[in-house]
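Letters A, B, ... are given to chains in the order of the sequence lines, protein chains preceding strands, and every chain is numbered from 1.
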Amino acid sequence: MLDKQFDILQIEEKWLNFWQDNDIFLVDIESSKTPFCLMLPPPNVTGRLHMGHAFQQTLMDILIRYHRMIGKEVLWQVGTDHAGIATQMLVERQIKNENNLSRFDIGRDKFLEKVWQWKELYAQRIVNQMKRLGTSADWSRLRFTMDTSMSKAVKEAFIYLYKQGYIYKGNRLVNWDPSLMTAVSDLEVVAEEVRGSMWHILYPFTDGPQEAFDSEGNKVTLKGMTIATTRPETMLADGAVCVNPNDKRYKHLVGKYVDLPLCNRTIPVIEDDFVDIEFGTGCVKITGAHDFNDYACAIKHNIPLINIFTLDAKLNENAPKQFFNMDRFNCRKEVVKELKQNNFLVGVDENHKMMQPKSERTGVIVEPMLTNQWFISMKKHNEKGETLSSRALNYFSDREINFIPANWLNTYNQWLNNIQDWCISRQLWWGHQIPAWYDDNGKVYVGYDEDSIRKEYNLSANIKLKQDEDVLDTWFSSGIWTFSTLGYPDNTRELEKFHPTDVLITGFDIIFFWVARMVMMTGVIKNQVPFREVYITGLVRDSDGNKMSKTKGNVIDPLDVIQGIGLEDLISKSTESIYQKDRQEKAAKGIRKMFPEGIQTCGVDSLRFTFCALANTGRDIRFDIKRVMGYRNFTNKVWNAARFVFSYTEDFKLDNNIDYNGVNFKLRPFDQWIINKIVKFTERYHKYIKEYRFDMMSQEVYELIWDHYCDWYLEASKVTLKDQNIPFERKYSTQYILLYTLDCILRLLHPITPFITEEIWASLKGKLNLNYRCLSVAPIPEVNSITLDKEIIENVETTISVIHSIRQIRGDYVISPNKKVDVIIVCNDELKTKLEDFEDLIKDLAKVSSIKYMTSNDKLKNTIVNVINNLQVHVYMHDLIDKEQEIIKINKEIDKNQNNINILKNKLSNNEFISKAKLEIVQKEKDRLKRLDLIQKGLIEQKSKLEQM
RNA sequence: GGUCGCUUAGCUCAGCUGGUAGAGCACCGCCCUUACAAGGCGGGGGUCACAAGUUCAAGUCUUGUAGCGACCACCA
């Protein structure tokens, strides 16, 4: 029924179309099923799917499919993000390349038009890529953060927070990106270690040299205060020099004035304990408008804030004339030059290690800049005395939300405990424009639109209103994502049914950006948590553990793994973003080494299985194509197992008069055995999902299918069905259970590998009269209704050991596979009776021509033995065995065994062990000793036997 | 500087509340046996980084040491 060769890509396409065309994954909002909901972290709308997405979405889809299959109404809310800065930069670059124009040249409206065009051009790409993974979402519910409905929600949220007093506008020092000319949040600034210069500059006392002390307490005469700085150009904005009040060297100088070099100003010496006595000279210049620490100090001591920079970081009119309009870095050179010329420069350390704050997006050094911005307050309390952040902390300490793994809570807590007000305004054009309007006097009105504001504030038509030009930080709209997508501000069925959502799967890199903000925003606006659990995934690295990055050329596109790619294509694709020739060659070399033949077609299922298997809790994962190949083999195995089942059940017709819940026809021992394996596995399967142990889940399903189902159960069934004289009843039940267990296995496997299982199941459903439209909507099997005989299952295990023993001997003695052997089993009558039922099986699976039973090995000659508990499996050797060699071998085993026996005996004669260890442990050890003794007895018997030969 | 994590077979990693060291890949034999060579059968391989402690018992718990990594904060 199934072809030997299968085209995985064709199968995938078929089922993607089937699911879509038949609306398989549509959400039924009116259903009475228990809801299950998760939010897809919306990727950048113009982005491309990368390994991280594929990894996380695989896990999400496994959860979604699982919950759908256990009978829940699932909503996987998908969407894309407008990604303010990133997208705007792309489009700006594009118009620069095309027409050498800036956004200011073409104006806001024209520019936004371009961005929307850009968005339309690329939006479908990432959506299609996500679909390609088998993402079983209701795509009709796709949302985009700039959709009209989202904009409405954003406005509502902003207005609400403003009216509640959580949002305010203020002139504050913020991180400023001078190339983008916008504020960025603390999180968008990354510190980079650099070696720079630290200049020591003398600020002479206005009243001439003063007495002071050196660090040993000796009197010295100082011409002035010497400050140390890495940014000499900012001295032009200095407002004071500050020392520590406990610094004996300078304490008495507080209140004096110094002349600020190069500027025609004097500034005071002040004291504050934020100054570190040990660091540098112990004197700090206070540049309130251009440094965060200094800002706090200046505000506290009422020192004037002097802004000397324009928004693109050139010197403005507040700086001395000779520096006007100079770029900040050129200005630095000039300032140093002039200080030197005028003998104000006392020293310079040119090898100073420091952390330089750079804008994450542009890499430009961030300039602290005094500007008018909107903030969300972290200090405002509600009626219960909670702030946004304290409430967000409480949700976790009260266990209303949990992290998995739990230790991320530390990171989360630490950040929220030190959080500053969140600057939410950006001087960009692409984003949600802030719903605030100003009249001619600068009075601010926050509201939905101009009309409603006029109405609300009773403004006459001749008062002009102008909307704030800034847009909101992208993460503002992301922060309300869990409920904005479900219909907020309206009270929709979706909100009622699916919010709070169940779990969020995301990377640790956006715990602050997104997770914490969602918790805060949802808490204050909806008075709810956004989700119950947060599963944090590790990073997907390359097989050597390096971070995947375009500039390293080690990025693997998940779609290339799915579809395959030739070596040369892979190389040119991977190195296209590397501009240096030598690096390009290095990367190409790495690729040739790692993928000598490019990447073969692996299919989505293998990729999904790989991610599932690699999904440990907490660590980063290394992506190795060999692993994917391994799981591609696994899907092939499943395919062939199904082919086997179908080829042996071609004449099977389901008899509706039979109660095939398994009770009224007799199951073969191996049927019981495999059903038992499936039952036990299913129990753990549910547990693994609950605990997010995707790795365990995949490992065990692999083992169940390959080691148990294929290697033993199918082989055993083959022996039964090959028998031409098999009675109808037995044939029927064997065939039925083959199909039944295949059905179970496909369902259990389906959440991980949806495509191959759908394809096989489509051929299976007719045979078992199953009426589900496809496997995706079939339930996870409930198999525990079948009563199983424990003793029979044990007998199967014994049989497996016997077969294994014989095979082991065959392997040791390199007996050709097509040569049958004679076997003598030494055991008691009870065991003999049990084993006799399995004779055909043993003969077939271990290639045995005859089996004899004996109660002692007295009469045996020229055999090789394997001892299993109380039975000895002898294989008769036609060639004379090497007696000496065998004795050496068996002695080795006896010694090893004796060693274990001694350890156990010691343990069991230790009173403390007997009295303190748990009863079941003691019993277990006793049983084990009994077993070892039996084996030892058998080994010794065989040894003396050999010696007599 | 603060926080968190990691160190187990050649490689990548499991090992839950302490109770005889596991898997996949790689490796070595023998097989193209009528589901599958993308396969079958068999096999070898680890003082669980180091040290001390708790315990009848430590890969597992505690403390310390070394190495690696991540994040946060940074000092003019």
Side-chain angles (χ1 to χ4, degrees), chain A residues 2 4 186 191 198 227-231 234 241-242 274-276 278-287 291 293-294 297 354-355 357 405 407-411 413-415 418 508-509 511-512 538-539 543 545 600 602 606 613-614 616 618-624 626-627 629-648 687 691 693 695-696 698-700 702-703 707 710-711 714-715 718 722 803-804 807-818 845-847 900 903-904 907 910-918 920-922 924-925 928 932:
Chain A
L2 300 178
K4 181 166 177 179
D186 300 351
M198 168 95 92
I227 58 92
T229 182
T230 55
R231 301 200 53 197
T234 62
V241 169
C242 189
F274 95 95
V275 177
D276 182 351
E278 305 296 322
F279 189 90
T281 57
C283 309
V284 181
K285 67 199 246 333
I286 300 302
T287 321
D291 180 282
N293 281 322
D294 295 2
C297 179
M354 57 180 177
M355 299 300 270
N407 50 288
W408 286 109
L409 185 56
N410 267 308
T411 310
N413 283 345
Q414 205 184 1
W415 186 70
N418 296 302
F508 60 86
D509 48 332
I511 289 180
F512 305 145
L539 209 68
S543 60
Q600 289 179 47
C602 291
S606 332
L614 291 175
N616 50 35
R619 297 194 193 197
D620 288 351
I621 65 172
R622 295 193 185 192
F623 185 86
D624 190 341
K626 279 195 258 171
R627 196 85 190 237
M629 300 296 278
Y631 294 123
R632 188 194 59 157
N633 295 356
F634 174 74
T635 54
N636 185 56
K637 186 78 179 174
V638 175
W639 180 262
N640 280 297
R643 283 183 60 222
F644 170 86
V645 172
F646 292 145
S647 73
Y648 277 83
K687 192 179 123 223
E691 295 169 352
R693 288 308 302 264
D695 53 342
M696 298 299 279
S698 64
Q699 191 187 313
E700 287 198 22
Y702 186 101
E703 198 177 293
D707 301 347
C710 292
D711 288 352
L714 290 188
E715 292 301 330
K718 195 191 284 180
K722 267 198 305 198
I803 294 169
H804 192 249
R807 285 172 171 176
Q808 219 169 16
I809 294 168
R810 298 186 67 111
D812 279 356
Y813 290 87
V814 202
I815 299 170
S816 158
N818 42 33
L845 298 185
K847 307 271 188 244
N900 286 332
I903 292 171
L904 266 181
K907 205 170 183 181
N910 181 348
N911 279 334
E912 291 207 82
F913 173 70
I914 301 290
S915 59
K916 288 184 181 168
K918 272 183 269 172
E920 63 202 69
I921 299 293
V922 177
K924 212 170 140 191
E925 299 292 59
R928 204 178 135 223
L932 290 182

- request: Check whether any side-chain N or O of A/Q808 sits under 4.0 Å from OP1 or OP2 of B/C41, and answer yes or no.
  value: no
query: Say you pick atom P in B/C48 and the same atom in B/G43; how far apart are they, in whole Å?
result: 25 Å
message: Among residues at least two apart in sequence or on other chains, which ones pass salt bridge (Lys or Arg N to Asp or Glu O under 4.0 Å) with A/R619?
response: none
- prompt: Just to confirm, is there a sub-4.0 Å distance from OP1 or OP2 of B/G40 to any side-chain nitrogen or oxygen of A/K637?
  reply: yes
message: Rounded to whole Å, please give me the gap between CH2 in A/W415 and P in B/C74.
response: 13 Å
- request: Find the distance A/E920:CD to B/C56:C1' and express it as a whole number of Å.
  value: 16 Å
field: Separation of the P atoms in B/U8 and B/C4, to the nearest angstrom
entry: 22 Å
Nearest-Å distance once atom P is located in both B/G46 and B/G22: 13 Å
message: At 4.0 Å (heavy atoms only), tell me whether A/N636 reaches a base, stays on the sugar-phosphate, or touches nothing.
response: base
- line: In whole angstroms, the gap separating P of B/C13 from CD1 of A/I621 amounts to 10 Å
query: Has the side chain of A/K626 got a donor or acceptor atom sitting under 3.5 Å from an opposite partner on the base of B/C25?
result: no
query: Contact class for A/T230 vs. all strands (heavy atom < 4.0 Å): base, sugar-phosphate, or nothing?
result: sugar-phosphate
- prompt: From B/A35, B/C30, B/A76, pick the nucleotide closest to the side chain of A/F279?
  reply: B/A76
message: Quick check for you: among B/G24, B/C41, B/A35, whose closest atom lies nearest to any side-chain atom of A/Y702?
response: B/G24
- request: Using atom NE2 of A/H804 as one end and atom P of B/G40 as the other, report the distance to the nearest whole Å.
  value: 14 Å
task: Report yes if some heavy atom in the side chain of A/K285 is under 4.5 Å from a heavy atom in the side chain of A/D291; otherwise report no.
output: no
task: Identify whether any heavy atom of A/T229 sits under 4.0 Å from a base atom; if not, whether one sits that close to sugar-phosphate; answer base, sugar-phosphate or nothing.
output: sugar-phosphate
OP1 or OP2 of B/G24 under 4.0 Å from side-chain N/O of A/Y631: no
message: On a heavy-atom basis, which atom in A/V284 and which in A/V275 lie closest, and how many Å separate them?
response: CG2-CG1, 3.7 Å
Sugar-phosphate only, base, or nothing, as touched by A/D624 at under 4.0 Å among non-hydrogen atoms: nothing
- request: Pick the C1' atom in B/C68 and in B/A49, then give their distance to the nearest Å.
  value: 11 Å
Distance below 4.0 Å between A/K907 side-chain N/O and B/C56 OP1 or OP2: no
field: Atom-to-atom span, NZ of A/K918 to P of B/C56 - whole angstrom
entry: 15 Å
query: Per the atom types in the model, does the base of B/A35 pair as donor or acceptor with the side chain of A/E715 at under 3.5 Å?
result: yes
task: Remember a base hit wins even if backbone is also touched, and classify A/V814 as base, sugar-phosphate or nothing at under 4.0 Å, heavy atoms.
output: sugar-phosphate
task: Before accepting this row, confirm whether a basic side-chain N of the pair A/R693/A/D695 lies closer than 4.0 Å to the acidic partner's carboxylate O.
output: yes
message: What's A/F646 touching, base or sugar-phosphate or nothing? Going by heavy atoms closer than 4.0 Å.
response: nothing
message: Under 4.0 Å, heavy atoms only, any strand: does A/M696 hit a base, just the sugar-phosphate, or nothing?
response: sugar-phosphate
task: Give a yes/no answer on whether the side chain of A/N633 brings an N or O atom under 4.0 Å of OP1 or OP2 in B/G39.
output: yes
Qualifying residues under salt bridge (Lys or Arg N to Asp or Glu O under 4.0 Å), relative to A/K626, sequence neighbours excluded: none
task: Determine whether A/L614 and A/R622 make a side-chain contact, defined as any pair of heavy atoms from C-beta on separated by less than 4.5 Å.
output: no
field: Pairing string, 5' to 3', for RNA chain B - Watson-Crick or wobble contacts under 3.5 Å, brackets [ ] where pairs cross, | to another strand
entry: (((((((..((((.....[..)))).(((((.......))))).....(((((..]....))))))))))))....
message: Categorize A/D711 for me: base, sugar-phosphate, or nothing, with a 4.0 angstrom heavy-atom threshold over every strand shown.
response: sugar-phosphate
- prompt: 5'-most contact on RNA chain B: A/K722 or A/D695, nearest heavy atom basis?
  reply: A/D695
- request: Go through B/G43, B/C56, B/C36 for me and flag the one nearest to the A/N640 side chain.
  value: B/C36
- prompt: Taking atom C1' in both B/G15 and B/U60, what distance in whole Å separates the two?
  reply: 9 Å
task: Between B/A70, B/A76, B/C56, spot the one nearest the side chain of A/E912, thanks.
output: B/C56
statement: Heavy-atom nearest pair, A/R231 first then A/T229, reads N-OG1, 3.0 Å
message: What's the gap between B/A57 and B/A21 when it is taken at their C1' atoms, as a whole Å value?
response: 15 Å
field: Interatomic distance where CG belongs to A/L2 and P belongs to B/A35 [whole Å]
entry: 14 Å
- prompt: If you look at every heavy atom in A/E925 and A/F913, which pair is closest and at what distance?
  reply: CG-CZ, 3.9 Å
Closest approach of A/C602 to A/M629 (non-hydrogen atoms, all atoms of both residues): SG-SD, 3.8 Å
task: For the pair A/W408 and A/F508, name the ring-plane relationship: parallel under 30°, tilted 30 to 60°, perpendicular over 60°.
output: parallel
message: Base, sugar-phosphate or nothing for A/R693? Non-hydrogen atoms, less than 4.0 Å.
response: sugar-phosphate
message: Within the 4.0 Å heavy-atom criterion, would you say A/R619 contacts the bases, only the backbone, or no part of the nucleic acid?
response: sugar-phosphate
- line: To the nearest angstrom, the CG-P distance between A/L714 and B/C41 comes to 12 Å
task: Between B/G10 and B/G44, how far apart are the P atoms? Round to whole Å, please.
output: 16 Å
- prompt: If we take the P atom in both B/G19 and B/G59, what is their distance in whole Å?
  reply: 10 Å
message: Any base atoms under 4.0 Å from A/C283, or only sugar-phosphate, or nothing? Heavy atoms, all strands.
response: nothing
query: With a 4.0 Å cut-off on heavy atoms, is A/R928 in touch with a base, just the backbone sugar-phosphate, or nothing at all?
result: base
query: Hey, does the side chain of A/N293 come within less than 4.0 Å of B/C75's phosphate (OP1/OP2), counting only N and O?
result: yes
message: Any base atoms under 4.0 Å from A/K847, or only sugar-phosphate, or nothing? Heavy atoms, all strands.
response: nothing
Nearest-neighbour nucleotide for the A/R627 side chain, B/G19, B/A37, B/U12 considered: B/U12
field: Along RNA chain B (nearest heavy atom to each residue), the more 5'-positioned of A/V645 and A/V284
entry: A/V645
query: So do A/L904 and A/L932 actually touch side chain to side chain, heavy atoms under 4.5 Å?
result: yes
query: With side chains defined as the heavy atoms from C-beta onward, is the minimum distance between A/M696 and A/E691 less than 4.5 Å?
result: no
task: Would you classify A/R632 as touching base, sugar-phosphate or nothing, given that sugar-phosphate means primed atoms plus P, OP1 and OP2, and contacts are heavy atoms under 4.0 Å?
output: base
- request: Could you check how far CD1 of A/I511 sits from C1' of B/C4, rounded to whole Å?
  value: 11 Å
query: Nearest to the side chain of A/R622, which nucleotide is it out of B/C56, B/C13, B/A35?
result: B/C13
